[in-house]
Amino acid sequence: MRAVLVSPPRAGARLGERERPERPEGWARVAVQEVGVCGTDRDIAAGKYGRAPDGRTDLVLGHENVGRVVEPAESGGSAGKGELVVASVRRGCGSCRMCLGDRSDLCETGRFRERGISGLDGYWTEEYVERPEYLHRIPPGLAGVAVLLEPLTVVEKALRVAREVQSGRLPAGTTPSPLRALVAGSGAVGMLAAGALAARGASVTVVDRHPGETPAAQRIERLGAVHATADALPPVGAGPGYHLILEATGALDLPLTLGRRLAPNGVLVLTGIPPADAPAAPAELGAWARDVVLGNRLVVGSVNAAGVDFEQGIRDLAELEARWAGWLGGLITARRDLAEAPEVLSGRVDGEIKTVLRVRR
Ligand code: BGC
């Protein structure tokens with residue numbers, strides 16, 4: 001089988017060959033249709049992240065996926081032959097209470113593995129085998145956008161975490177005020193966050209580094225949301241602040257400056273992953289911490305996603321398709337062949353939101 005291989009921590013990705021995996025009894029065999037490219041894949045290809053499976057030097061890259069079941073698992077209720085599925089990414093450590101409770105996204109030992117990222121082969125290949133409980137069935141009408149589900153689950157979890165930490169604070173009998181939300185970043189995660197928030201009726205602002213009527217700005221405006229650059233926002237303290245800020249860039253200065261725009265009781269969710277060799281904290285950290293403390297503001301990190309986030313993501317894909325037809329499909333800014341992966345991984349191109357690699361149609 002064709003497969004995109006990396007050898008972390010060595011930089012570089014290549015198109016190679018992998019043996020067709022054996023299918024253990026009770027597992028399903030899935031033919032990969034499309035896979036998505038994200039910043040994590042580029043970091044792994046640059047030698048900054050990732051780990052090969054134990055006993056191997058190379059790893060099949062890729063975690064954003066959609067495929068069709070070619071050999072179903074024997075168990076009743078699992079996806080049947082020909083059904084479209086998206087596989088989740090993380091597999092638990094098998095020993096902590098979170099992983100034992102089916103919440104490997106909250107693993108406490110750090111000894112989890114992630115397909116295509118750390119310790120387990122990923123999906124940038126022709127076929128994979130998997131336990132049925134990790135496969136999420138996709139309604140046929142969502143075939144063209146299902147490759148966006150995995151990045152959307154990262155958003156779904158972040159929004160759920162924000163809701164959970166904020167909702168415990170509301171006095172009995174009060175209802176949450178209409179949500180003013182700020183999303184930092186107009187890459188795939190930022191865009192999907194804007195879409196999911198707009199679909200929930202939030203008033204949404206998305207900030208990125210590019211002023212003017214860019215294609216990203218037009219996509220944001222189609223949702224009824226506002227596009228701005230961070231320095232075009234009203235000065236800190238001038239407006240009422242945001243109930244929710246979702247940081248989706250991994251740029252280090254942004255959480256500091258944006259965090260000061262939180263409304264009292266507002267929550268800043270960090271989803272972007274800054275580089276491990278990030279420089280020491282800047283001087284504004286003092287003012288930032290003071291605002292966070294004096295305003296009872298909440299700062300939380302969120303990574304990966306639980307099964308409930310996949311199910312919510314599938315509902316949101318359908319909702320976004322129904323409300324803004326074609327908007328999701330427009331986030332897929334290029335479709336290339338799997339063989340072009342090494343070139344695609346070499347860097348982001350202008351205007352890219354989500355590049356998808358075709359494996360099989
Ligand atoms: C993936 C997550 C994963 C995280 C950390 C992200 O790109 O979407 O599933 O948990 O990287 O490795």
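Order of appearance sets the numbers: ligands from 1, and atoms from 1 within every ligand. Remember, predicted model here, so these are calculated numbers, not experimental data. The first residue in the sequence is number 1, and the count goes up from there. What's counted below: heavy atoms across the whole structure, side chains too, no hydrogens, waters or symmetry copies.
Residue Y49 approaches ligand 1 through these ligand atoms, each under 4.0 Å from one of its heavy atoms: 5 (C), 12 (O). For ligand 1, the atoms closer than 4.0 angstrom to any heavy atom of R90 are 10 (O). Every atom of ligand 1 is numbered from 1 in the order shown, and the set under 4.0 Å from a heavy atom of C38 is 7 (O).
Side-chain atoms of N65 come within 3.5 Å of backbone N or O of A87 as a donor-acceptor pair. Listed for the D121 side chain is a donor-acceptor partner under 3.5 Å among the backbone atoms of V60.
Defined by atom type and a distance below 3.5 Å, a donor-acceptor pair is present between the side-chain atoms of R169 and N265.
Both cation-pi conditions hold for R90 and F112: the charged atom is under 6.0 angstrom from the six-membered ring centre and inside a 45 degree cone around its axis.
Connection of L246 to V206 is established within a shared hydrophobic cluster, with ILVMFWY side chains joined at heavy-atom distances below 4.5 Å, either directly or through further cluster members.
Using a 4.0 Å cut-off between heavy atoms, V154 contacts ligand 1 through its side chain alone, with no backbone atom that close. Only the side chain of H63 comes within 4.0 Å of ligand 1, counting heavy atoms alone; its backbone N, CA, C and O stay farther away. Both the backbone and the side chain of N304 come within 4.0 Å of ligand 1, counting heavy atoms alone. Counting heavy atoms under 4.0 Å from ligand 1, residue A305 does not touch it at all.
Across all their heavy atoms, C99 and C93 have their closest contact at SG-N, 3.3 Å.
In this structure the side chain of F310 never reaches within 4.5 angstrom of the side chain of R137, judged on heavy atoms.
If you check which protein heavy atom lies closest to atom 8 (O) of ligand 1, you get E150 OE2, 2.9 Å. Counting only heavy atoms of the protein, atom 3 (C) of ligand 1 lies nearest to E114 OE2, 3.4 Å. Looking only at protein heavy atoms, the nearest one to atom 4 (C) of ligand 1 is V303 CG2, 3.8 Å. Atom 6 (C) of ligand 1 has as its closest protein heavy atom T40 OG1, 3.6 Å.
Using a 4.0 Å cut-off between a side-chain N of Lys or Arg and a carboxylate O of Asp or Glu, E71 and K81 do not qualify as a salt bridge.
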